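Quick caveat: nothing in here was measured; it's all calculated off a predicted structure.
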Amino acid sequence: MSAKINAVKGMNDLLPGAVGRWQELEALAREVFALYGYREVRTPVVEPAALYSRGVGEQTDIVSKEMYVFEDKGEDRLALRPEGTAGTIRAFIEHGAFVDGPQKWFYMGPMFRRERPQKGRYRQFHQIGVEAFGIAEPALDAEQIAMVEDWLSRLGVKTTLKLNSVGDPACRPAYLADLTAWLTERAGQLCADCRERTAKNPLRVLDCKVPTCQPVLQSAPRLLDRLCDPCRVHFDAVRAGLDALGVAYLVEPRLVRGLDYYVRTAYEFTSDALGAQSAVAGGGRYDGLVETLGGPPTPGIGFALGAERLALILEALGRPIPVRRPLVFLVAADEAGAAAVLKLSSDLRKAGVACDLDARGGKLARQFKQAERVAARFALVLGSAEVAAGEGKLKDMTTRQETPVKLAGLAAHLREAAT
RNA sequence: GUGGGUAUAGCUCAAUCGGUAGAGCACUGGACUGUGGAUCCGGGGGUCAAGGGUUCGAACCCCUUUACUCACCCCA
């Protein structure tokens with residue numbers, strides 16, 4: 001054997017035994033999103049790096065420290081997408097989709113960030129997200145948040161919904177200036193990280209987990225109290241909408257979104273089943289972003305969910321992984337049987353019956369063991385005697401009962417027996 | 001980028017004071033000439049993460065490196 005090559009750090013294989021869980025959550029996403037009028041879009045994994053410096057923010061950690069950037073044969077600076085919103089909006093603008101009125105889109109696929117991996121956080125991870133364009137009204141915010149809740153609850157997942165408003169260009173800058181001044185005055189009482197953050201991202205300071213910072217920050221000015229009238233009205237309407245839809249939420253004045261483009265509504269679904277990475281899904285409004293990326297002024301709101309994190313929650317809940325298994329496993333007793341079994345499997349599959357066989361042949365014991373391994377519902381032994389008689393015994397692998405069955409019309413018989 | 005933990009068979013883990021590598025599961029063969037889960041018996045499988053040091057002797061002690069993992073930061 002030659003030297004072994006392993007997967008890249010933070011990039012994981014998803015083996016057949018685990019894929020079923022992902023297929024389930026993806027299928028349910030497609031189903032639920034369609035109920036709300038969202039349609040799937042697929043965009044490239046590679047985009048111009050400039051898309052993210054402009055869309056996500058040059059100074060964010062995602063762009064400045066974590067993005068995979070490379071030269072394309074010395075021509076362009078390209079990036080592995082670190083998130084889904086910017087690329088989706090790029091496509092929205094590029095294809096002039098805005099002329100068709102409001103659009104509701106969703107996507108799912110891999111994203112890449114070069115961070116230190118830990119539980120629920122990987123360098124290649126998968127997001128399922130939606131973007132709704134062209135509607136500024138708060139009813140859309142409520143509908144979208146309710147949709148996430150709907151999807152998660154159908155998976156049996158219980159989460160906490162946190163809601164906040166991060167203001168807009170009319171009210172946030174003034175607040176930010178006041179907050180920065182307030183924090184600077186109290187720098188002596190804050191941890192080193194917080195002093196650093198005061199300059200870089202003052203909103204983040206409010207979220208500090210250090211015990212000594214908490215009491216100081218309790219009395220910090222709150223953005224929720226400083227919202228301009230339009231933001232206030234919007235926020236109240238989102239809350240009213242959620243109340244009307246029966247969606248429970250927690251107003252979390254310190255909730256902040258990590259990316260620069262968010263305005264007004266910010267929301268997050270969290271779970272305590274995840275260790276430190278408690279955020280399962282996060283979203284918010286980005287009314288200025290389409291314009292920033294070269295499109296016409298278009299309001300928008302979206303969210304992204306971490307598929308690995310959702311899968312982790314489902315696993316913690318002990319939710320079984322749906323498995324596909326053969327309805328029947330064909331066992332060959334001799335050479336005549338081996339030929340018959342091959343032909344029969346082809347007929348069954350064309351009739352839509354999932355079946356399998358052990359192409360190695362060999363002893364019956366081994367073939368039955370293989371039948372058990374693939375979790376076949378039934379087994380059918382074929383030898384020269386059965387082929388001559390046109391009839392075999394169908395064995396129920398669970399009860400071990402055998403019943404005679406004619407080979408002609410076997411597919412129909414199996415389908416009936418399966419119900 | 002910073003800090004903690006871990007590293008022995010495919011998997012989960014043992015190995016006493018430093019004395020030259022073991023179990024369970026899994027795999028494979030047989031007991032069983034047309035029937036899988038049980039039982040019994042056998043078999044294959046190891047650079048003890050890597051490199052260096054101490055020692056008559058190292059899986060074990062020391063140093064370095066690497067990988068994995070959890071957490072900080074940040075985020076989904």
* Taking only Lys NZ, Arg NE, NH1 and NH2, and the carboxylate oxygens of Asp or Glu, determine whether Arg226(A) and Asp178(A) approach each other closer than 4.0 Å. => yes

* To do: Pick base, sugar-phosphate or nothing for Gln277(A), based on heavy-atom distances below 4.0 Å to the nucleic acid.
  => base

* Check every atom of C74(B), A76(B), A71(B) against the side chain of Asp61(A) and return the nucleotide holding the closest atom. => C74(B)

* Asked: If you measure from the C1' atom in C41(B) to the same atom in U66(B), how many Å do you get, rounded?
  -> 43 Å

* Asked: For the pair made of CG in Asp13(A) and C1' in C68(B), what is the distance, rounded to whole Å?
  -> 15 Å

* U28(B) phosphate, OP1 or OP2: any side-chain N/O from Arg366(A) under 4.0 angstrom? -> no

* To do: Sticking with atom C1', work out how far A67(B) lies from C74(B), rounded to a whole angstrom.
  => 24 Å

* Determine the Euclidean distance between corresponding C1' atoms of C40(B) and A21(B); express it in Å to zero decimal places. => 26 Å

* Nearest-nucleotide wise, let me know which of Ile62(A) and Gly10(A) is further upstream toward the 5' end of RNA chain B. => Gly10(A)

* **C27(B) OP1/OP2 closer than 4.0 Å to side-chain N/O of Arg373(A)** => yes

* Asked: Do Gln367(A) side-chain and G34(B) base share a donor-acceptor contact under 3.5 Å?
  -> no

* **Contact under 4.0 Å: Lys9(A) side-chain N or O vs C68(B) OP1/OP2** => yes

* N or O in side chain of Arg197(A) less than 4.0 angstrom from C74(B) OP1/OP2 -> yes

* To do: Searching all strands shown, indicate the nucleotide that pairs with C72(B) (Watson-Crick or G-U wobble; both distances under 3.5 Å).
  => G1(B)

* Spacing of the C1' atoms in C32(B) and G36(B) (rounded, Å) -> 13 Å

